[in-house]
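Have a look at the structure below, then the notes.
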Amino acid sequence: MVPLAELREPCGKVEGLIVANEPVPLDLLPALRVVANFGVGYDRVDVTACVARGVVVTNTPGVLDDATADLAFALILAVRRRVAEGDRFVRTGGWSGSWSEGGLAEELTGSTLGILGLGRIGSAVARRARGFELRVLYSRRLGADSDLGEFRDVDALFEESDIVSIHTPLTPETDGLVDARRLALLRDGGCLVNTSRGEIVDERALVAELVSGRIGAGLDVFAHEPAVPRELLDLPNVVLTPHIGSATRQTSEAMTRLVVDNLLAVARGEPPLTPVLP
Ligand code: DGY
C-alpha cells in the first residue's frame with residue numbers, strides 16, 4: 001500500500017478514494033469517481049478540480065458536532081481552571097502545601113464566550129454554554145439572527161469576550177482571519193480556543209501573545225500539523241491536543257458509516273448522502 005502523498009505512478013483501477021482532508025492526485029487516478037473525505041473539513045481537497053473531472057466529493061457533516069463541541073469545552077475548562085498545569089504540578093511533586101496556597105484560576109461560570117462561526121459545531125458549543133450560564137456572543141458570515149446568543153462583528157467579538165472559540169471552516173476568506181490585530185483585541189487574561197483549523201489564526205502572532213503570557217489558549221489544531229511551535233511546549237498558559245476534535249469511538253464509527261454509505265451510493269449510481277459542492 002502506498003500513502004496517497006507518495007503516489008507517483010498512475011493507478012488506473014481506483015474508482016473510489018477515502019481521504020482525511022488530503023490533496024487528491026487526480027492526474028494519477030484516471031478512473032476515479034468519488035472522493036469520500038473522512039471528516040467535515042475538506043480544505044485540502046480541490047473540490048472544483050474534482051467536480052470539473054466528474055469526480056464526486058463527499059464529507060461527514062453532522063456526525064461530529066457533539067464530539068468537537070465537547071472537546072472545545074474541555075479546552076475552555078482546562079485553560080480557565082488551569083487543569084493541565086495542576087496535573088503537571090501534582091505529578092512532578094510540586095504539591096506540598098495546603099489547598100488554600102494554590103494559584104488561582106479564572107471562573108468559567110458567568111463569563112462571556114465568543115463563538116467565531118455559528119454553524120453546526122459552533123451551535124453545539126453555544127448550547128453547552130447555557131449549562132455554564134455563559135453570556136454567548138457569536139459572529140457568522142451568513143444570517144445574523146440566532147437565539148443562541150448575540151451577534152457581533154468579528155472585532156467586537158474579540159473585544160467583548162473572555163474566551164473566543166473558533167468554529168468557522170478554513171476557506172480563502174477565513175485563512176488568517178484571526179491576525180495579530182484581532183488577537184490584540186482580546187482582553188488581558190482572555191483565552192483563545194481552536195478546534196477548527198490552525199490556518200485561521202496567524203500562528204506566529206498567537207505564539208507571541210502566548211509567550212508574553214497576556215492570554216491563554218487551548219489548541220487542538222495547528223498551521224503545519226503535526227508540527228507544533230516549540231515555543232508553546234513549556235508554556236503554562238497553553239493546553240495542547242493533537243487534532244482530536246472528532247476522535248471518539250462513537251463519532252469515528254459514525255463517520256466511517258457515512259464514508260462507506262457515500263461510497264456505496266456512488267457505486268450504485270445513486271446521489272451521495274453528503275456531497276460537497278465547489
Ligand atoms: C474534520 O472533520 O474536519 C476534523 O478536523 C477531522 O477530525
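Remember, predicted model here, so these are calculated numbers, not experimental data. Order of listing sets the numbers, starting from 1, for every ligand and every atom in it.
Counting the atoms of ligand 1 from 1 in the order shown, those under 4.0 Å from a heavy atom of His243 are 4 (C), 5 (O), 6 (C). Atoms of ligand 1 found under 4.0 Å from any heavy atom of Leu64, numbered from 1 in the order shown, are 2 (O). For ligand 1, the atoms sitting less than 4.0 Å from at least one non-hydrogen atom of Gly39 are 1 (C), 2 (O), numbered in the order shown with element in parentheses. Listed by atom number, the atoms of ligand 1 under 4.0 Å from Ser246 heavy atoms are 6 (C), 7 (O).
Contact annotation: the side chain of Ile121 never approaches that of Asp66 to less than 4.5 Å [non-hydrogen atoms, C-beta and beyond].
Neither side chain, Glu107 nor Thr109, offers a donor N or O lying under 3.5 Å from an acceptor on the other.
Looking at every heavy atom in both residues, Glu225 comes nearest to Asp220 through OE2-O, 4.2 Å.
At least one N/O-N/O distance between Val40 and ligand 1 falls below 3.5 Å.
Ring planes of Phe73 and Phe132: parallel class, angle under 30° (limits at 30 and 60°).
The residues Arg135 and Asp162 are annotated as not salt-bridged, no charged nitrogen and carboxylate oxygen being separated by less than 4.0 angstrom.
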